[in-house]
Engineer: 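Structure incoming, see below.
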Amino acid sequence: MDLLPQTPGYDALVGTTIAGKFRIEAMVGRGAMGCVYRATQLNLKKTVAIKVLNPSRPADGAFAARFKREAKAASRMDHPNSMRVIDFGEDEGGILYIAMEFLQGRDLLHVLREDYPLSKERIVSILSQTLAALAVAHEMGVIHRDLKPENIMLLASKDDEGKATEIVKVCDFGIAKIIEPDVDPIAGEPTRTATQTGTLTAHGMLIGTPEYMSPEQARGEPADARSDIYSLGVILYQLLTGRLPFIATSKIRLVIKHVEELPAPPTEVDSRVDLRMEAICMKTLEKRPEDRFQNAREMRAALKAALEGDETLRPRVAPSNPPAAHASSSKAQAARRASDPPPTPSTPPPAQTPSVKLRLEPVVDATASTLDDPAESAKAILEARKLLNTIPHSAPRSDPPVVIAPSPKPPSTIDRASTTVPPQRDNAAGPGMTVYAAVAALLLLAAVAYFASR
């Protein structure tokens with residue numbers, strides 16, 4: 001497959017003009033799809049962000065097609081909490097680009113590292129705005145499929161009363177799957193919904209971040225809006241505890257954990273976590289999509305209720321360290337062994353998590369990074385899927401139903417009024433009757449002797 005013709009490297013693009021419209025000023029970030037620059041829109045003298053396809057990627061084929069689909073998907077997003085796309089296309093040199101509004105702020109990963117712990121009010125505000133953008137995208141048939149802190153930008157602003165506030169912008173719908181309209185064979189009218197699953201058309205490309213990947217994505221199954229809900233649940237877990245719900249020694253093992261293992265409730269990491277927020281978090285991390293919130297607005301309503309102190313959001317959650325879902329499967333054990341790298345003498349064994357509720361030190365550095373090699377992540381996901389395909393699909397529930405059997409009453413609590421006293425046995429009064437008969441006989445003999453003497 002041919003590469004982009006005469007395409008300069010990332011650094012060489014600085015100072016050049018793309019499509020005769022945008023002058024590249026400086027590089028501001030790099031990701032799996034390409035590089036992002038600060039640029040000037042020449043006709044308006046306006047600062048914009050330009051995303052350029054990775055020059056080492058094929059100019060045509062699956063990657064370029066996915067890049068163009070990113071532009072199409074992102075351009076359809078028209079919401080205050082979604083990054084706005086200004087223009088997209090291909091210049092005369094074959095460079096594929098997307099021009100977007102330039103955001104001056106911090107991504108959520110930096111906020112976690114610099115501002116943790118966050119207040120409950122701030123967490124609800126951030127997630128509510130994120131969910132507002134997702135709700136609109138899902139209704140348009142667009143699934144993000146790669147939600148993570150780096151794709152959520154926070155911009156400092158002020159409200160109508162002049163108070164400081166934050167505006168959330170959801171970025172990089174670039175690997176979003178657009179669910180194409182299904183034509184009703186009778187009515188002939190297209191219908192689109194993000195809750196229906198469809199066939200993935202990635203043409204062999206594996207897109208996603210292992211730390212935030214839903215179980216169905218990990219298995220290679222169709223993803224829908226509830227997959228974004230799961231990824232947002234991982235982010236919520238980080239916001240509450242400062243650490244990921246799953247941490248592993250390899251990305252392969254990490255992907256498998258999302259399918260097989262249950263996360264420890266946030267209160268076991270930090271006992272100060274609000275129980276209502278914990279309940280919402282654990283529901284978003286359910287293994288089965290039908291057990292999660294079914295759409296973004298439903299989760300947003302639950303967050304609002306938690307902030308208002310709704311006492312119904314306190315269900316009992318499963319304890320940490322639950323039994324493995326496939327403990328009896330030798331294939332599952334082999335998969336777990338194969339996914340972990342061999343131990344080395346210089347590497348100490350990982351510390352065991354205490355069973356008591358203690359506040360553990362946050363591990364915000366365990367979050368994913370956009371600088372992670374996408375090829376390495378894709379390879380890990382592929383290897384994990386091969387291992388998972390050898391395991392029967394029976395996902396564990398985060399909150400298994402508990403059946404409490406009635407316990408029998410102890411002997412001391414037996415109701416005496418309802419108890420029938422058994423009749424006494426005949427031999428129980430035997431000794432008393434014998435003495436009574438002897439005395440009667442002696443009295444009879446004394447009476448006979450008395451009357452005989454007269």
Side-chain angles (χ1 to χ4, degrees), residues 10 13-14 18 21-54 67 70-89 96-115 118 122-123 125-137 142 144-159 163-176 209 212 228 231-232 235 238-239 296 367-371:
Y10 279 137
L13 285 177
V14 177
I18 292 181
K21 304 176 184 178
F22 307 99
R23 186 177 64 245
I24 305 297
E25 306 291 351
M27 184 195 307
V28 296
R30 206 180 269 191
M33 295 287 292
C35 189
V36 180
Y37 300 88
R38 186 182 75 248
T40 300
Q41 189 174 7
L42 298 178
N43 60 345
L44 297 178
K45 304 299 181 182
K46 180 180 179 181
T47 300
V48 297
I50 297 287
K51 188 169 188 178
V52 174
L53 176 67
N54 190 334
F67 188 86
E70 168 180 0
K72 180 181 177 181
S75 65
R76 293 166 59 182
M77 299 295 102
D78 185 15
H79 190 275
N81 296 121
S82 296
M83 175 182 279
R84 187 165 59 90
V85 171
I86 300 170
D87 187 20
F88 66 91
L96 296 167
Y97 70 92
I98 299 178
M100 304 166 287
E101 61 177 321
F102 187 79
L103 303 178
Q104 292 183 316
R106 296 182 297 167
D107 63 43
L108 190 54
L109 180 62
H110 284 86
V111 171
L112 264 169
R113 288 174 172 167
E114 297 169 4
D115 298 353
L118 279 65
R122 191 179 182 190
I123 292 174
S125 175
I126 293 172
L127 293 186
S128 294
Q129 294 183 65
T130 303
L131 287 162
L134 289 178
V136 173
V142 178
H144 195 289
R145 292 202 301 150
D146 194 30
L147 280 173
K148 54 187 176 182
E150 297 93 318
N151 286 334
I152 299 175
M153 291 289 296
L154 274 65
L155 314 180
S157 182
K158 291 184 178 182
D159 60 17
K163 296 180 180 179
T165 184
E166 288 177 318
I167 297 178
V168 171
K169 292 280 187 177
V170 180
C171 310
D172 201 4
F173 277 92
I175 61 172
T209 304
Y212 302 88
D228 284 349
S231 299
L232 201 58
I235 296 174
Q238 281 183 276
L239 294 173
T367 56
S369 171
T370 51
L371 296 179

Engineer: Just verifying a value: how many Å separate K169 NZ and M100 CE, rounded to the nearest 0.5 Å?
Structural biologist: 12.5 Å
Engineer: Kindly compute the distance separating CZ (F102) from OG1 (T40), expressed to the nearest 0.5 Å.
Structural biologist: 10.0 Å
Engineer: Return the set of residues passing side chain to side chain donor-acceptor pair (under 3.5 Å) with R122 (not counting sequence neighbours), or none when no residue passes.
Structural biologist: D115, E166
Engineer: To the nearest 0.5 Å, tell me how far Y97 OH sits from K21 NZ.
Structural biologist: 4.0 Å
Engineer: Do the side chains of N151 and V170 get nearer than 4.5 Å, heavy atoms only?
Structural biologist: no
Engineer: So do the side chains of Y37 and V14 get within less than 4.5 Å of each other, counting heavy atoms only?
Structural biologist: yes
Engineer: Under a 4.5 Å cut-off applied to non-hydrogen side-chain atoms, are C171 and L103 in contact?
Structural biologist: yes
Engineer: For N43, I'd like to know if atom CG has over 12 heavy atoms of other residues, nucleotides or ligands within 6.0 Å.
Structural biologist: yes
Engineer: How many angstroms lie between CE in M153 and CG in D172, if you round to the nearest 0.5 Å?
Structural biologist: 12.0 Å
Engineer: Below 4.5 Å, heavy atoms only, C-beta onward: do I235 and T130 meet side chain to side chain?
Structural biologist: no
Engineer: Should the heavy atoms of other residues, nucleotides or ligands under 6.0 Å from NE2 of H110 be counted, would the total exceed 12?
Structural biologist: no
Engineer: List the steps, then state whether side chain to side chain contact (heavy atoms under 4.5 Å, CB included) holds for V168 with L108.
Structural biologist: CA-CA 9 Å; V168 171; L108 190 54; over 6 Å; no
Engineer: What's the spacing between D107 CG and R113 CZ if we round to 0.5 Å?
Structural biologist: 8.5 Å
Engineer: Under 3.5 Å, side chain of D228 to main-chain N/O of H144, donor-acceptor pair present?
Structural biologist: yes
Engineer: Tell me if the CD atom of Q104 is crowded by more than 12 foreign heavy atoms within 6.0 Å.
Structural biologist: no
Engineer: As an exercise, state the distance from CG of L134 to CG of L127, rounded to the nearest 0.5 Å.
Structural biologist: 10.0 Å
Engineer: Apply side chain to side chain contact (heavy atoms under 4.5 Å, CB included) to residues R38 and T47 and explain how you reach the verdict.
Structural biologist: CA-CA 7 Å; R38 186 182 75 248; T47 300; 3.7 Å; yes
Engineer: Looking at S231 and Y212, would you say the former's side chain and the latter's main chain have a donor-acceptor pair under 3.5 Å?
Structural biologist: yes
